[in-house]
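See below for the structure under consideration.
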Amino acid sequence: MTGALAPVKPLTALDRCDRCGAQAYIRATLPVGGELLFCAHHGRQHVAALREKGADILDESARLSKTPTNAANDER
């Protein structure tokens with residue numbers, strides 16, 4: 001056993017918040033095993049406490065503020 005961590009796969013639209021069912025943007029991997037998924041709202045509420053307990057946090061909530069490119073505007 002090498003102790004190397006498996007690569008974390010990015011969150012997709014199919015990943016849902018464990019609190020409310022909205023799209024998940026935050027994954028908390030618990031030190032005892034298992035993971036919790038949160039939308040940005042619930043992630044902000046719980047991430048500090050989870051981090052204090054040793055959870056590894058993957059936060060992709062910055063994707064919410066990105067502006068999608070519009071192909072029609074790019075052709076002009």
Side-chain angles (χ1 to χ4, degrees):
M1 191 160 160
T2 65
L5 295 175
V8 177
K9 61 182 180 181
L11 294 166
T12 70
L14 298 176
D15 293 310
R16 311 312 286 179
C17 176
D18 290 327
R19 294 284 304 194
C20 68
Q23 183 174 347
Y25 288 95
I26 298 172
R27 173 186 285 125
T29 304
L30 306 174
V32 296
E35 66 183 20
L36 296 169
L37 301 177
F38 295 106
C39 63
H41 167 76
H42 286 114
R44 282 190 296 272
Q45 287 181 335
H46 300 289
V47 75
L50 288 164
R51 200 171 265 136
E52 285 177 12
K53 300 209 184 302
D56 182 37
I57 307 296
L58 171 67
D59 185 348
E60 297 182 1
S61 60
R63 293 182 0 206
L64 291 167
S65 60
K66 289 185 180 176
T67 305
T69 56
N70 186 341
N73 288 338
D74 291 344
E75 294 176 7
R76 291 184 206 172

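Since the structure is predicted, the reported quantities are computational estimates derived from the model, not experimental observations.
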Over 12 non-hydrogen atoms of neighbours within 6.0 angstrom of CZ in R19: no
Any pair counted as side chain to side chain donor-acceptor pair (under 3.5 Å), so long as it reaches residues 34-45, sequence neighbours left out: R27-E35
From CG (L36) to OG1 (T29), nearest 0.5 Å: 9.0 Å
side-chain contact (heavy atoms from CB on, under 4.5 Å) involving T12 - partner list, sequence neighbours excluded: L14, D15
Test applied, side-chain contact (heavy atoms from CB on, under 4.5 Å); reference residue, L37; option that passes from L11, I26, L58: L11
Closest non-hydrogen atom pair between F38 and C17, with its separation: CA-SG, 3.7 Å
